[in-house]
**Q** 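Can you keep this structure in mind? I'll have questions shortly.
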Amino acid sequence: MTETPQTRSTDAPTLPGQYQPGEVEQRRYEQWVSAGLFEASADSDRPPYAIVIPPPNVTGSLHVGHALDHTIQDALIRRKRMQGFEALWLPGMDHAGIATQNVVERQLAGQGLSRHDLGREKFVERVWQWKAESGGAILGQMRRLGDSVDWSRERFTMDEGLSRAVQTIFKRLYDEGLIYRAERIINWCPRCLTALSDIEVEHSDDDGELVSIRYGEGDNSIVVATTRAETMLGDTAVAVHPDDERYKHLVGTEVELPLTGRRIPIVADAHVDPAFGTGAVKVTPAHDPNDFEIGQRHSLPNLTIMDERGVITAHGPFEGLDRFEARPAIVDALREQGRIVAEKRPYVHAVGHCSRCKTTVEPRLSLQWFVNTGPLAKAAGDAVRDGRTRIEPAELAKRYFAWVDNMHDWCISRQLWWGHRIPVWYGPQGEVVCVGPDERPPGTEEQGWRQDEDVLDTWFSSALWPFSTLGWPDDTADLRRFYPTSVLVTGYDILFFWVARMMMFGLYALDGRQPFDVVALHGMVRDQFGKKMSKSFGNVVDPLDWIERFGADATRFTLARGANPGSDVPVSEEWCQGSRNFCNKLWNATRFALMNGAHVQGDLPDPAELSTVDRWILSRLRQVVGEVDEQFEAYEFAKVCDTLYHFAWDDVCDWYVELTKPVLAAGGPAADATRRVLGHVLDQLMRLLHPVIPFVTEELWIALNGGGTVVTAAWPVADDALLDPAAETEIAALQKVVTEVRRFRSDQGLKPGQRVAARLGGLAGAGIAAHEPLIRALVRLDPAGADFAATATLAVSAAVTVELDTRGSIDVAAERARLEKDRAAAEKEIAQCRGKLGNAAFVGKAPEAVVNKIKDRLAAAEADLVRVSAALAALPS
RNA sequence: GGGCGCGUAGCUCAGUGGGAGAGCACUCGCCUUACAAGCGAGGGGUCGCAGGUUCGAAACCUGCCGCGCCCACCA
C-alpha cells in the first residue's frame, strides 16, 4: 500500500493535512486516565448510570467481538457522562475455569507434562502466572480501544471479595436447599475429565449407525435398536411401551443379554416410542439419561462399564478398549453370533460435544452438586415478563423465555483445579458441612476432615458479577448507588450462559431487585460476506492490527456502524478504511475552520442576525441532535453512525463549508457571524460523535475550543428555537439549481475550472434571489456581458432558468437524450398520479394528506413536463 | 423433533401500508487554495416464487422454494 501524505507548501495549517491517529490516541488516553475523568463517585448528586463489563476470559487476548462489545458500552457510557450522569463503567476479567485450565494444560503438554505432574497447588500457581500475562495484555488492549472504564474499580472473578460473594451465596442456597448433591447422569468430557452443564455441550448431527440386535432366543427373543452398541454390556433391562401389543406377552419375562450371559428383565415404560426402530429399547441406566430415568422407575441396577476416560471396564474381551473401538468390536462379535438383524449406516443423529474441546460427551453417572433452578428461573422469567428488565431487541426475549421456562437443574461442580473450590467439608463420620465465608473449616485434615475436591462452574461466579463487583455481600456505597446497573451489553450468544444466570442470582441475592434495567444484545462480528470468522478461513480480524493501521476511532466506527440491534456485524478492511477516511474528513473540516478563523467563541448570535445558510445548518443540526438521541436510546448504533456520517459529510462538508467560502472570503460582519456558526456546528458535531470516536473528536474539540476536554463537555440539547423550515426550503431550492447546473456541465464535458457566462432567471420566483452570488460561485458562473450569446437554456425548475454562454457548440444529442429521459419520467409520473386521483376508491378512502401529496406530485410533474418540453423545443436541431 | 429469523443494487445491509435507499464496488470528468484518505456527475433492483387482504403491498396473511441460527435425553 502506498499512502504518501501530500501536504501543500502553500498551506499555513494549524493542523497537519492528514489525521495521524496513532500519535494522538495514546497521548489522549493517558491524559484522560490521569485526569481521573473515568472515575465514578458513589456519593455525587448526579443520577447514576452504570455498566459492568462482560468480563473477558483470561484465556488470551481480545478479539474483534470484544472490540464491538466495548465500543457499544463505551459509546453509551460516554454519552451519559456528557449528559451529566454519574457514569460508571466497571472493568474486569473472568477466570474462565475450564477454558483457562485447558490453555495452561496445553502449555504443559508442550513440555511433556500434565497438571498431575505439578500437583494441585503448583498447577494453580502456574495458572495465576498465566492470568497475570494474559490479563495484562487484555488491559493494554482496552486502553488502545479507548475504553473509558473506571480502573480504580477493576475486578477479577477470583478476587478475594468476589470469592467471598461466591461462598456467601453458595452457603445461602445450600442452607435453603437450593443447592444439593446427588448422583445423576451428567454430561462428562472424557478428555477434560470433568462434568459439564447442559449449555457447555454442543449438539451436532453426526453420522452413526443404527443396528438392531436380537436379545434372547426363539419366541422369547426381542430385537432392540441402538446407535451405541458398546453400552449393551451395561444393559440391565429391555423396555417396551406398555400398550405395545407386539410385546405385551414378554413384559415381566427375562431374556439373556448376549456376550455376557446375564439375564435381564423386559419392562414396560411409557417413555418408549413404539414407532421408533423395533419399539424395544435396551436400557443402560449408568450410561444414558433416559435409561437412568427408566431404571429409577423400575428399580434397575446401575451398571457402570466405562471409566472416566471412556475405556471399557466390564470384564471380558472388550475390557481396556476405548468406547469407539469397542463399538465395532462388539458389533462384530454380535454379528458372528448371528444377532445383528439389521444395520443402517450412515444414520444421522444428534451427538453432544464438549464446547471447549469438541470431544464427544459421555453421559456418566456420578455424584455432583446441583442448583435447583426451579424458583430461581421462575423469578428470572418474571422479571422480564413484568418489565423490570427489558431485553433489546424485544424479539430475543422469546429465546430468553424458552430457556428460563424449561431449565433443568444446573450441574455446578467441575472436576478441575482452577476455580472457586466448593466450600463443603466432609467429616470422618460422614458429616457434610457447608462453610460460610467468615467461618473456619469444621476440622483439620489430621482429624479426618477434607474439603470437596471440585471447583464451581465458572458461570457460577460470573452470575454474581453485577453485584459482587460492587461489594456484595457487604452493604457498600457502590452497591447502594449503582445497583441495579443500567444496561448490560453483550452478544446474544451468551443470553443463556450468562444473562439468565445473572438474572437468577441477582434477583435471589438482592431480594427481587434485577441486576440491570436493560439487556442490549448485539450480534457476532462477521466478515464482509457475512461469513463467520475462523482461523481456518483466514478471515479473522485482529482489532489491534486495525487500530495500528487505521486508528481506534476508525475501528470503533466500523463496528458501531454495522451494529443493528441483535444482528450480526459484517466488517471488512475496506470499510475500516472508509471509517478512517471519515475521521480524516472531520479533521480537514476543522482544519478549514481554523484556517479561516472559525472557532468556538461565546454564545451563538441571535438567529435574526444570521444568514439563511447559517440558519439552515443550525436547523439541520437541531434535527440531527433529535434523531441521534432517539437512536441512542433505542440502541440503534448503526443509525447513530449513519445519521452523523451524512450530516457531517453531506450537510456540513459538502454544502455548508462550500457555501461559507464566498462569505468568509468577502469578510465583514457576515463573515464573523458565519465563523461563529461554523465553530459552533463543528463543536456540536464533535460532541455528538465523541461517544463513538472519542480520540479524533477530542483532538479537534480542543483545537476548536482552545483547551478543555470533550469527555465532560455537555451533550447537545435539541433546541427547537433553531428549527427553521423556511431556511431549509430555501437551501433545498438552491441545491437544486446548483446540482442541475453541475449536471449539465458534467454531461457537456465542460471543465470544472472553466468559467461560463450565465444569466439566471426566475430566482426571485423561487425565493432565492439573494443566493445568486453563492450559486454563481459554486458552479463557476460569471455574469453575462454585453456580448452574451446563450448556447444553452437550462430549465431547472418551473420558475428557474439558467442561460449559459459556453462560447462553443454544445452536445445537443446528449442534452436531448437527457431531456427526453426527464420527459418520459414526468409523463410516467403524471399518468400514475392521474390514475390514482381518478380512482374514486382511493380518493374516498385514503387519508387526505396522502391525496394532497399525490396532487402536489401531479402538479410538480406537469410543471416539469412543460419545462422539459420547452427546453426540448429550444434545443438547436 | 421444537422454536426463532432471514431472502431488497455486484457485496453487506437499512427501509415495515402511500413517490425503491445507504456504504463499498462500478462508469465518466476533475490536483476547483480543508481534505486525491478528496471533489462533481452518473449507471445499476419486475424488493425469492405463487396466491390472498387492501383504493394501494418490498412491507400484512397463506403456501412453496432457498438460507441461517437457537433449543432438544427418541434409542
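Each chain gets a letter, A, B and so on, in the order its sequence line appears, and its residues count up from 1. Below, all heavy atoms of this structure are taken into account, side chains as well, without hydrogens, waters or symmetry copies.
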**Q** For the side chain of K398(A) and the base of C4(B), is some donor closer than 3.5 Å to an acceptor across the two?
**A**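 Result: no qualifying N/O pair found.
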
**Q** Which value, in whole Å, describes the distance between the P atoms of nucleotides A14(B) and G5(B)?
**A**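 Approximately 15 Å lies between the P atom of A14(B) and that of G5(B).
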
**Q** Taking the P atom of each, how far is G19(B) from U12(B), in whole Å?
**A**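 The answer is 28 Å between these two P atoms.
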
**Q** I'd like the C1' distance from C49(B) over to U8(B), given in whole Å.
**A**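 Those two atoms are separated by 15 Å.
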
**Q** May I ask you to verify whether the side chain of E829(A) and the base of G19(B) hold a donor-acceptor pair under 3.5 Å?
**A**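 Yes.
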
**Q** Can you say whether a donor on the side chain of R743(A) sits under 3.5 Å from an acceptor on the base of A41(B), or the other way round?
**A**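 Such a pair does not exist between side chain and base.
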
**Q** Measure across N584(A) and G17(A) and return the closest heavy-atom pair with its distance rounded to 0.1 Å.
**A**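 Here N584(A) and G17(A) meet closest at OD1-O, 4.3 Å.
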
**Q** Grab the OH-C1' distance between Y492(A) and C6(B) for me, whole Å please.
**A**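 For the pair Y492(A) OH and C6(B) C1', the rounded distance is 12 Å.
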
**Q** Side chain of Q20(A) only, please: which of A75(B), C69(B), A37(B) is the nearest?
**A**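 Nearest to the side chain of Q20(A) among the choices is A37(B).
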
**Q** What nucleotide among G23(B), C70(B), A41(B) has an atom nearest to a side-chain atom of R399(A)?
**A**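 Between G23(B), C70(B), A41(B), the one nearest the side chain of R399(A) would be C70(B).
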
**Q** What is the distance from atom CD of E699(A) to atom SG of C583(A), rounded to the nearest 0.5 Å?
**A**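 Output value for this atom pair is 12.0 Å.
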
**Q** Could you tell me the Watson-Crick or G-U partner of U53(B), where both distances fall under 3.5 Å? Say none if there is no partner.
**A**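 Its partner is none (no Watson-Crick or G-U wobble pair with both distances under 3.5 Å).
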
**Q** Can you tell me, in whole Å, how much space there is between the C1' of G68(B) and that of C60(B)?
**A**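 Here G68(B) and C60(B) have their C1' atoms 24 Å from each other.
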
**Q** Can Y19(A) and N581(A) be counted as having a side-chain donor-acceptor contact under 3.5 angstrom?
**A**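 No - no donor-acceptor pair under 3.5 Å links their side chains.
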
**Q** Let me know the distance between CG of D654(A) and P of A22(B), rounded to the nearest Å.
**A**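 Rounded to whole Å, this separation is 14 Å.
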
**Q** For C65(B) and U27(B), measure between their C1' atoms and round to the nearest Å.
**A**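 C65(B) and U27(B) have their C1' atoms separated by 36 Å.
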
**Q** For C31(B), which nucleotide in any strand shown is its Watson-Crick or wobble partner with both distances under 3.5 Å?
**A**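 The answer is none; no pair meets the criterion.
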
**Q** When you compare C47(B) with G15(B), how far apart are their C1' atoms, in angstrom units rounded to a whole number?
**A**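 My reading of the C1' atoms in C47(B) and G15(B) gives 11 Å.
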
**Q** Measuring only the C1' atom in each nucleotide, how far is G21(B) from A9(B)? A whole number of Å is fine.
**A**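 Result for the C1' pair: 10 Å, nearest Å.
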
**Q** Record whether the side chain of R742(A) comes under 3.5 Å of the base of G40(B) through a donor-acceptor pair of N or O atoms.
**A**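 Under the 3.5 Å cut-off, the side chain and the base do not form any donor-acceptor pair.
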
**Q** Rounded to the Å, how far apart are D650(A) CG and C39(B) C1'?
**A**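 The answer, rounded to whole Å, is 13 Å.
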
**Q** When rounded to the nearest Å, what value does the distance between C1' atoms of U62(B) and A57(B) take?
**A**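 It comes out at 15 Å once rounded to the nearest Å.
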
**Q** Establish whether the base of A34(B) is bridged to the side chain of Q18(A) by a donor-acceptor pair shorter than 3.5 Å.
**A**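 Checked by distance alone, the answer is no.
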
**Q** Within the modelled atom types, does a donor on one side and an acceptor on the other bring the side chain of Q577(A) and the base of A37(B) under 3.5 Å apart?
**A**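 Absent.
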
**Q** Does C47(B) have a Watson-Crick or wobble mate here (both distances under 3.5 Å), and if so which one?
**A**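 C47(B) is paired with nothing.
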
**Q** Any strand is fair game: report the nucleotide pairing with A22(B) by Watson-Crick or G-U wobble, both distances under 3.5 Å, or none.
**A**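 Here A22(B) is engaged in a pair, and the nucleotide opposite it is U12(B).
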
**Q** Could you tell me the Watson-Crick or G-U partner of G66(B), where both distances fall under 3.5 Å? Say none if there is no partner.
**A**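 Answer to the pairing question: C6(B), which forms a Watson-Crick or G-U pair with G66(B).
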
**Q** Applying side-chain contact (heavy atoms from CB on, under 4.5 Å) between K282(A) and each of I222(A), L257(A), T226(A), report the one that passes.
**A**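 That would be T226(A); it is the only one of I222(A), L257(A), T226(A) passing the side-chain contact (heavy atoms from CB on, under 4.5 Å) with K282(A).
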
**Q** Look through every strand shown and name the nucleotide pairing with A72(B) as Watson-Crick or G-U wobble, where both distances are under 3.5 Å.
**A**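 Matched A72(B) with nothing under the 3.5 Å cut-off.
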
**Q** Would you call the rings of Y645(A) and F582(A) parallel, tilted or perpendicular, taking 30° and 60° as the class edges?
**A**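 Rings of Y645(A) and F582(A): tilted, as their planes differ by 30° to 60°.
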
**Q** Would you name the heavy atoms of T278(A) and V224(A) that are closest together and state the gap between them?
**A**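 Between these two residues, the closest heavy atoms are OG1-CA, 3.7 Å.
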
